Amino acid sequence: MISRPYDEIKHLLESYLKKEFSIKSDLIWSKPPSAGLGDISFPLFNIAKELKIRPNELGDKIISEINFPDSIKEVNLQGGFLNLAFNKSVFVTKVLQTILEQTKYGQNSSMNSERIIVEHTSSNPTGPLHIGNFRGSVLGDVLGRLFSFLGAAVNVRYYVNDLGRQIAPLVIGYFLLKEMEFEIIEKGDLLLGKVYASMFTFLEIQQLKQKLAILGWKSKDSVSLYSLDGTDLKTIQDFLNVLPRENKEKDNTYQWYTKLARVQKSLIERIPEVYEKLNKLTTSRIENLENLTNQYVKSYQEGKDKLIVERFREVTKMALDGHVETLNLFKIYHDDFDWESDVAWSGEVQIMLDELEDKKYLRHDGQARLLRNDTIAEELGYKAKYLVSYEIPDSIIINSEGITLYPCRDIVYHLHKLEKFNASLCYNVIAKMQQLPQLAVRLALYGLGSADTADRIHHFDYEYVSLIGRKMAGREFDYVTPDELFVLAQEEIKTIIEERNYSEEEQQKIAQKIAASSIKYHILKMDPQKAVAFDIKKAVDPNENSGAFLQYSYARALSILSKSSKQDIDVQKILELSKDEKLILEKQAEWELVKLMEELPSILIKAAKSLRPDSVANFTYSLAAAFHKFYDACPVLKAENPELIKSRILIVVSTIKCLESLFEVMGIESLEKM
RNA sequence: GGUCCCGUAGCUCAGCUGGAUAGAGCGUUUGCCUCCUAAGCAAAUGGUCGUGCGUUCGAAUCGCAUCGGGAUCGCCA
């Protein structure tokens, strides 16, 4: 439990009011709008109302009857607000001593009893991470770091989605290239992204052509099944144009066709080497990509064909390695990786389905099976517990061909997820899009008699990220990756460092650390609930972006200390004597900075409680800004007198400690100079 | 149509378990390096907090309605 000057004064007033009037209303405190009104303020309206007296009357009574401690310098009453001004010297001395005596300021044990799993990223292994899923990585990382800083045992997991249908064409395509000894000159996951976009397009073109054939379109034998060549484009267009208007298929098919034509064109332009090579290989070597895809999926789901298993694992591992490499650039780490295929091969999916079936929680539609979400929620008290008053739609979990869909594995996975870490809580950091499937998983657990487990699993959702003016599309190889942002940011930063006198090596190191923090901060600072239109230029611009601003405040603070010895100022000695020292303050900038530092522990606790990792970033910004103002307004080493030098040195050291704690929580690296 | 999320300055966003005069950055305009790193600081500019009604002594914050944007709603994940 942290005791704050604000709380102490509140307790004082509260106990007086309880003793004297036995009030029931809560005493609330707030900060006055301007510094002239004091530092802490108590609106007396609700209590005055309870006591049926005027607020100012109550205020007068409080002022005349309470003996305020020496931490309070001034008390006044204004328009129903009781305003108190702290004795700055007492306040500052206490705050700085608290900061200095702790190893890590703000660290505490408020979450000591929790064991928490944070699952994040869990991106499809069909290409590199893009800024959309990377947003989840950043949020998950900081959430985990925050819990951990507050004493929780944290376990960060990555769920590897290696079983989806979408992987099969990728595996097929990758091995076509591999057999041709295609030279890989880029990061593995990036190449896979290209292969995936290409193969998926081929597959879709094949499906489109089959659909058109059913409608009556006649293709030429000579052309590839997997591409739309000039003749195709013409005959398909003509064909669709003469289809009767009322034919409802026409619209959809036409849209599909134009989309594929556009995607094909764009891929030929942007990734010609991979696209054309694969097109040739696929055309010549694969008779029916769709059939082969289905075979691959089925075979891998069964897990018995050794060659297929090896191939899927190799490709998935390659993508995963790329993801890990990207995450490591930003100091984001996972403790464990859970493979969807392992869940599938455990045999538990069938057991789970049988149980749901027995309990009549599955709805049949042909071979397809749907989870009766609403029925479960109604019967097992979920709706009552979480105050759900609307009808929850059913979720399809087995398709009409009898193939189990991803939610099946997810249900089994979550059935045992907590056990993996003996966890008391689990946060799945997953895009908001998934909120229905995530709800379905929890409802399935209710249906399976594991309501207690379900109640401990939370969906930490975040909104998607788009690019300004367009959407990202993995299937079209159209996205922005953290990798490329990292490179762009480094370049921008280097143009600034070049003016300074650093070695090549130092420059590189500095640019990397700033690039990582800038991008991370840029993504972190935004409310997870807000959809983001990502602006590459802003994310990468060191002047616009504040990641550098934060690190700069730290570097400046450190620089003061490193210069102190030249002025015959012994920082170590000042620190040793700080316990008995009464500090003095002169400027508003000092006061604002110390007040912010005082808030740090409660900010962290609030951020964890309200699940707002972004608030840590925004608070750090305020603190850094306050330090920059202090830096400008208050010379430290050249302060007017030794007492002031001492006080300011302690402020600087305290700021450093604050920033170190905050950087640790955000996973941002500090720099001694920049 | 059902459900969820968002709407605050020209732009990007803080502030939301109700508190007094709504804050930053970018942009535009102007100052500050003989002084601890100018990736900084100071100042000016800029807002009927989408709209309406309600609750309240008090609403950007809570409730209802409404408009606008986005996501999602059985066979991809």
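Given the structure is predicted, the values throughout are model-derived calculations rather than measurements.
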Look at the side chain of A/D461 against the base of B/A71 and say whether a donor-acceptor pair falls under 3.5 Å; ignore hydrogens and angles. no

Tell me every residue that passes salt bridge (Lys or Arg N to Asp or Glu O under 4.0 Å) with A/D394, counting only those two or more places apart in sequence or in another chain. A/R363

Please list, by residue number, the residues of residues 403-411 of chain A whose heavy atoms come closer than 4.0 Å to an atom of RNA chain B; answer none if no residue qualifies. A/L405, A/Y406

What does the list of N/O pairs under 3.5 Å between the protein and nucleotides 67-69 of chain B look like, with a distance for each?
none

Should the pair A/Y479 and A/F477 be assigned to parallel (<30°), tilted (30 to 60°) or perpendicular (>60°) ring geometry? perpendicular

Rounding to the closest angstrom, what is the interatomic distance between B/U17 and B/G7 at atom P? 14 Å

Going by the rule side-chain hydrogen bond (donor to acceptor under 3.5 Å, both in side chains), which residues pair with A/Q301 if we only count those two or more places apart in sequence or in a different chain? none

Qualifying residues under ring pair (Phe, Tyr, Trp, His ring centres under 6.0 Å), relative to A/Y413, sequence neighbours excluded: A/Y159

Expressed in whole Å, how much space separates the C1' atoms belonging to B/G58 and B/A39? 43 Å

Show me the donor-acceptor pairs, under 3.5 Å and distance only, between side chains in residues 33-50 of chain A and residues at least two apart or in other chains.
unit_1, atom_1, unit_2, atom_2, d
A/D39, OD1, A/W591, NE1, 3.3
A/D39, OD1, A/K595, NZ, 3.4
A/D39, OD2, A/F86, N, 2.8
A/S41, OG, A/N83, OD1, 3.1
A/N46, ND2, A/D26, O, 3.2
A/E50, OE1, A/K24, N, 3.2
A/E50, OE1, A/S25, N, 2.8
A/E50, OE1, A/S25, OG, 2.3
A/E50, OE2, A/K24, N, 2.7

What residues, two or more places apart in sequence or in another chain, satisfy ring pair (Phe, Tyr, Trp, His ring centres under 6.0 Å) together with A/F460? none

Taking side chain to side chain contact (heavy atoms under 4.5 Å, CB included) as the test, write out the residues that go with A/K31, two or more places apart. A/W29, A/E599

Base-pairing string, 5' to 3', of RNA chain B - Watson-Crick or wobble, under 3.5 Å, | interstrand: (((((((..((((.....[...))))((((((.......))))))....(((((..]....))))))))))))....

Given B/A39, B/A20, B/C75, the nucleotide with the shortest approach to the side chain of A/P33: B/A20

What interatomic distance, in whole Å, is found between C1' of B/C32 and the corresponding atom of B/G69? 44 Å

Describe the nucleic acid contact of A/Y631 in one word from base, sugar-phosphate, nothing, applying a heavy-atom distance below 4.0 Å. base

Hey, what are the protein-to-nucleotides 49-51 of chain B N/O distances that come in under 3.5 Å?
none

What residues form a side-chain hydrogen bond (donor to acceptor under 3.5 Å, both in side chains) with A/H459, not counting sequence neighbours? none

For A/F312 and A/Y300, take the angle between the two ring planes, folded into 0 to 90°, and tell me which bin it lands in: parallel under 30, tilted 30 to 60, perpendicular over 60. parallel

Annotated protein contacts, base or backbone, on nucleotides 7-19 of chain B with a non-hydrogen cut-off under 4.0 Å, one of B, S, - each: SB--SSSSS---B

